[in-house]
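Residue numbers begin at 1 in each chain, while the letters A, B, ... track the order of the sequences.
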There are 2 protein chains.
Amino acid sequence: MSASSSLREPSYYILAALLDGPMHGYAIIKHAAQASQGRVNLAVGTLYGALDRLAGEGRVSVDREEIVEGRTRRYYRLTDLGRQALIAEASRMQHAAGVVFRRLATPIVGPA
Amino acid sequence: MSASSSLREPSYYILAALLDGPMHGYAIIKHAAQASQGRVNLAVGTLYGALDRLAGEGRVSVDREEIVEGRTRRYYRLTDLGRQALIAEASRMQHAAGVVFRRLATPIVGPA
DNA sequence: TGACATACTTCGGTGACCGATGCAACGGTA
DNA sequence: TACCGTTGCATCGGTCACCGAAGTATGTCA
């Protein structure tokens with residue numbers, strides 16, 4: 001049980017980046033930083049660890065490998081499962097944010 | 001740096017519960033389960049560990065202790081700092097959810 | 001009397017995340 | 001030719017929030 005999150009912000013932004021199509025590691029880092037307005041600064045250790053884990057969970061898969069200017073680029077693609085997980089997490093966060101904002105908007109009436 | 005979250009869902013729902021006023025441990029667990037629609041099932045180890053940590057960070061503080069029917073109840077209160085952190089986290093989550101939902105709503109046009 | 005609920009404490013384990021370091025190949029400069 | 005900076009991936013050790021389990025204690029109900 002426990003459920004909780006299972007998809008924290010770094011992993012979340014990795015999947016979110018892949019919504020824009022297959023992408024390789026460094027591009028994901030830049031995309032995540034931009035999408036989160038600089039708050040999520042993916043460490044390389046986090047990125048590759050997360051990609052391996054997400055691949056093992058079937059949420060992403062390797063799309064292809066390219067060699068650009070002698071450097072290998074490994075492109076990752078979002079799977080249907082990954083897309084579902086991402087949407088579920090987005091819903092969860094929206095709900096969680098709503099809980100707080102709604103409570104804040106409620107004039108102080110006191111419980112019951 | 002890295003920022004990321006620092007406030008995960010369990011801790012988030014603990015602070016959110018305290019928006020309704022000072023509350024003791026077990027009441028927080030029930031409140032969190034309800035507010036999260038059953039998804040966040042605070043383990044006791046998580047709760048008390050988190051309360052200690054949050055207290056050390058100045059986000060919550062002990063309000064008072066009561067003895068009800070022979071059992072000690074320790075009530076915790078949300079501090080201004082805790083309230084700020086909670087709002088910041090709610091904003092962060094709303095933004096993160098928006099990133100995904102907005103992208104999903106966008107007809108496939110391709111980047112640039 | 002025993003089973004169950006409330007309420008807090010403590011402990012060991014797990015796993016995501018992190019920074020640091022390392023490797024490799026190119027471009028530019030002199 | 002030598003060197004440096006950048007791009008890009010791989011790996012390792014550490015930290016910390018979270019978790020479940022076990023323990024203590026008191027009250028209610030059958």
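Distance CE/B/Met23 to NZ/B/Lys30: 11.0 Å, rounded to 0.5 Å. One finds the CD atom of A/Glu65 at 12.5 Å from the NE2 atom of A/His24 (value rounded to the nearest 0.5 Å). To the nearest 0.5 angstrom, B/Arg92 atom CZ is 10.5 Å from B/His95 atom NE2.
A close approach under 4.0 Å does not occur between any side-chain nitrogen or oxygen of A/Arg53 and OP1 or OP2 of C/dG15. At C/dA16, none of the side-chain N or O atoms of A/Ser11 fall inside 4.0 Å of OP1 or OP2 (strictly under the cut-off). Listed pair B/Arg71 / D/dT24 fails the phosphate criterion, with no side-chain N or O lying under 4.0 Å from OP1 or OP2. Note on B/Arg8: every side-chain N or O is 4.0 Å or more away from OP1 and OP2 of D/dA17. For A/His24 and D/dC9, the shortest distance from a side-chain N or O to OP1 or OP2 is not below 4.0 Å. OP1 or OP2 of C/dC8 sits under 4.0 Å from a side-chain N or O of B/Tyr48. In this model, the phosphate group of C/dA25 is not approached by any side-chain N or O of A/Thr72 to a distance below 4.0 Å at OP1 or OP2.
In this structure, the CG atom of B/Leu7 is 13 Å from the C1' atom of D/dC18, given to the nearest Å. Distance B/Leu47 CG to C/dC8 P: 8 Å, rounded to the nearest Å. The interatomic distance linking A/Ile29 (CD1) with C/dC18 (P) rounds to 11 Å, in whole Å. For the pair A/Ile67 CD1 and D/dT7 P, the computed distance is 19 Å after rounding to whole Å. In this structure, A/Tyr13 places its OH atom 18 Å from C1' of C/dC18, rounding to the nearest Å. Distance A/Glu66 CD to D/dT7 P: 17 Å, rounded to the nearest Å. Atom CG of B/Leu42 is separated from atom P of D/dC19 by 7 Å (rounded to the nearest Å). Regarding A/Ile14, its CD1 atom lies at a distance of 7 Å from the P atom of C/dC17, rounded to whole Å.
Nucleic acid contact for A/Gly45: base, since at least one base atom lies under 4.0 Å from a heavy atom of the residue. Across all strands shown, A/Val44 has heavy atoms under 4.0 Å from base atoms, whether or not it also approaches the sugar-phosphate.
In this structure, of D/dG8, C/dC8, C/dC17, it is C/dC8 that holds the atom nearest to the side chain of B/Tyr26. Among the nucleotides C/dT6, D/dC18, C/dC18, the one closest to the side chain of B/Arg73 is C/dT6. Side-chain proximity of B/Pro10 to C/dT6, D/dA10, D/dC19: nearest is D/dC19. Listed nucleotides D/dG20, C/dC17, C/dC8 differ in distance to B/Arg74; the shortest reach to its side chain belongs to C/dC8.
You'll find the side chain of B/Tyr75 stays beyond 4.5 Å of the side chain of B/Val62, heavy atoms only.
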For residues 43-58 of chain B, which side-chain donor-acceptor pairs fall under 3.5 Å, sequence neighbours excluded?
residue, atom, partner, partner atom, Å
B/Arg53, NH2, B/Ser11, OG, 3.3
B/Glu57, OE1, B/Arg59, NE, 3.2

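Across B/Thr106, B/Val99, B/Val100, a single residue satisfies side chain to side chain contact (heavy atoms under 4.5 Å, CB included) together with A/Leu19, and that is B/Val100.
Map A/Gly70 and A/Glu57 each onto its nearest nucleotide of DNA chain C; the residue landing nearer the 5' end is A/Glu57.
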